[in-house]
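All values below were derived from every heavy atom in this structure, side-chain atoms included, with hydrogens, water molecules and symmetry-related copies excluded. Here is the naming used below: chain letters follow the sequence lines, and residue numbers restart at 1 for every chain.
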2 protein chains.
Amino acid sequence: MNIRTTAYEDMMAFQRQTEALGQVAGRLGWDQETMMPRGATNQRAEESGAMEAVLHARRTDPRFEGWLAEAEAKGKVEKANLRHIRRSFTRNAKVPSRLAEELARVTSVSQGIWAEARASNDVAAFLPSLKRVIDLRREEAECLAQGGSLYDALIDDYEPGATAASLGAMFDGMRPRLVALRGAILDAEHQPDSIEGRFGTEGQMKVARELATAFGYDWDRGRLDLAVHPFSSGSGSDARITTRVVESDPFNCFYSTIHEVGHACYELGIDPDYALTPLGAGVSMGVHESQSRIYENQLGRSRAFTGWLMSRMRAQFADFNAKDADAFYGTVNKVRAGYIRTEADEVQYNLHVMLRFDLERAMISGDLAVGDLEAAWNDRFKADFGFGVDKPSNGMLQDVHWSVGLFGYFPTYSLGNLYAGCLNQAMRAALPKLDEDLAVGDTSAATAWLRENVQQHGGLYEPREVIERACGFAPHEGPLLDYLEEKFSAIYKL
Amino acid sequence: MNIRTTAYEDMMAFQRQTEALGQVAGRLGWDQETMMPRGATNQRAEESGAMEAVLHARRTDPRFEGWLAEAEAKGKVEKANLRHIRRSFTRNAKVPSRLAEELARVTSVSQGIWAEARASNDVAAFLPSLKRVIDLRREEAECLAQGGSLYDALIDDYEPGATAASLGAMFDGMRPRLVALRGAILDAEHQPDSIEGRFGTEGQMKVARELATAFGYDWDRGRLDLAVHPFSSGSGSDARITTRVVESDPFNCFYSTIHEVGHACYELGIDPDYALTPLGAGVSMGVHESQSRIYENQLGRSRAFTGWLMSRMRAQFADFNAKDADAFYGTVNKVRAGYIRTEADEVQYNLHVMLRFDLERAMISGDLAVGDLEAAWNDRFKADFGFGVDKPSNGMLQDVHWSVGLFGYFPTYSLGNLYAGCLNQAMRAALPKLDEDLAVGDTSAATAWLRENVQQHGGLYEPREVIERACGFAPHEGPLLDYLEEKFSAIYKL
């Protein structure tokens, strides 16, 4: 018996295996950050390079030309699959296999070098790798851009449809109001207390697990481990998260956890019919970040939810300073001098991103040499934040991104914040009693709204489109800035 | 500049990537047994199937025909590489891709079903998967055997050069003396005490780590985790081990750990120049098991080493019964009624293997239907061990092997014991003061001898050849049986 299959079916069967291999490669990355013995770094680089070679060969398989020419898409799911595969094939066919493999190999080694350089505050040990990574990514961008902007070509990997110009306009719209709000906050007479107390690792991890559960994380399809830089990894029925513990600052662990739960819940919330297809993963980094940030901030750092968090912390930690739930809310949201992007409050976070956006554009364009990066970072940081960087691990070595070649990725964090602001406005309108739920640790109405309106669609719509459909209006920075001004004016009694 | 490469070099470059991908596939298996969320089973089956499809396609790549025809091997390393690649290509080219993929997918799911069936003692829940696995492995064996013995074709995957006939002769040589020794032991007037006391998980894992360190396990290239069935996984610079904890029986954990350390040290002891080549892994399951068993038994269960182990246990556990080091030695080596192969003493272990050897040959030949397996197991167990199986998890569901299609694997355990007996005789002759070292927990002379004479060679020699070169005589069952009779006659005062 010979069953005739269509070009679309043949292509999707092939793609399904590629998606499964992509999951394997992703899990190899998870393993490297959580479980891998230190001495395995070089071997792992060859393993990752071999996986990348296989994936690249499949993504550029010459049969796609015929399949894409012949395939007929009937419904909107088929059309979306075709759109994703066509975009991926066109993109990857432009990059020589040799370059794709070398990028995988070099970034795998570079990540290990970065981790050691960060631990020992040794910028010089990292610069040769960083230079190599930038050179390779520039070479790749030249293949992709075909005469256009190199940086735009890189952004397209993370946020299809966005450009340096559109993101620059977003930052221009954000910057004045954020700077003004930050100034008013720092000048305010009323300043919340910082958190003080003893927060052991075991207790923090216990609360972190409670928080993940409260936000609906499906432990049957995920797990929580420690890593240097918190991340989430995987799709379908295996979406894992990591967090980190700083004993003096439990909010670092708790809000990293909620953040990564947001990412993982996006993946786990996608229509299961899309699993191992091009629609079975978050549609862009910006939309992904909208989920992690709305979980973390608009929900997790709300007055209502922090009241519940305080009670959970009371159950775990005997001794910490919180006069009452209002004071605790101020403590959670305290705006303070700080070096680290991932620990930044909602007001200053986007200023951290703008710094990276400007520096990485300059590195990719060639205007900023790698050897000048540390000085450029430190000068810009002083100018934006008013105090100097004390050590490289608090400066240019703080983030993993550049070590693994993620140029064009940082601005999607701010785009995610912008989207989260829009979604929050729409969600609050749809769920007028949300704060009553959050006050007892019940996020189910909010997470169900996000799953229904954003997460389930996976890659079905274009990034901006999925946010616009969810909100009922075209996304812009207004709702985020209005939200921040209202929230922090209340906390700081401005 | 165009650098001409030889057919041998081209082939080895391709093979190196395949070896790296094989490591990735192996790590996926490790993850499944240690870290994977339960709900990911089905997705993981697709991932493993996709990896197997890639590996099978590479192992049967048509370019090998040209490479193998043209490649010239100068030294013995090149000749050995060619021998391995030719054997692998010839073997894999006989199996259709569809069958290889289906085997990977089905065994991945079947392993999960086995684990649940074992936990709930539900044989009926496991039988349909087992039937499917056997059917597929028989189909594969038919492709491989090309008219010859199906079971011999399967053995060849684990022990090149061995056959059902040669292994049957080995068991025929072992059985009478083992049965006689077992009878004398069970009838003996003097019987060592069983271990009694409280052995918490944390304390057991701490001692397990001390034991792994004492046997030279390189933590920089490995790690220890918990799993249902202890195993080791990986080569080169990433060879991980697992163990399990039974709170009433610390020896289960300790000797599983030493056993897996033996496997891992074999992989880690291979000449680093062979990494990611066909010589960079243990040459056969029998030789592998010779290393795990000599670490576990001839070294780890020796009078000298158990004296040191007792002192380590005293440091960790306040309260357990051991009158003195001689009594403790008897307790460690106590021969008792037991259902579980991996917990069996050195005398009865090979009787467990013989049972599986006979039953799996009958299943592969078609003489034993899957539906009759439980009764056949229980009847044979009663006949060999003198008491009945109380529940399937103590009977036919105790081992993972059949669920993942490992038919022909069990007899290599006994072959490994035979090889360990031979190696022990040669090693003791070379290291007359070994017991003085072991008495203070120093295994370095023994592990260095094994690394030098066995481990470093990886796949350079054929399995029997590497043992014969190390021992200076052709391996046979005599040394093992002499060792067992001498050791247990002393313990039981026979």
Using heavy atoms and a sub-4.5 Å threshold, report which of residues 12-19 of chain A line up against chain B, by residue number.
A:R16, A:Q17
So which heavy atom on A:S237 is nearest to which on B:A40, and how close?
O-CB, 3.3 Å
What distance do A:M35 atom CE and B:M35 atom CE have between them, rounded to the nearest 0.5 Å?
4.0 Å
Can you pull out every salt bridge (Lys or Arg N to Asp or Glu O under 4.0 Å) where at least one residue sits in residues 23-32 of chain B? Sequence neighbours excluded, please.
A:E47-B:R27, A:R240-B:D31, B:R27-B:D238, B:D31-B:R44
Partners passing salt bridge (charged side-chain N to carboxylate O under 4.0 Å, His left out) against B:E9 (at least two apart in sequence or in another chain)
none
Go through the structure and list residues passing ring-ring contact (aromatic ring centres under 6.0 Å, His included) with B:H457, not counting sequence neighbours.
B:Y461
Structural part of A:T34 lying under 4.5 Å from a heavy atom of chain B:
backbone
Under a 4.5 Å cutoff for heavy-atom pairs, which residue among B:R221, B:M36, B:E46 has the most contacts with chain A?
B:E46
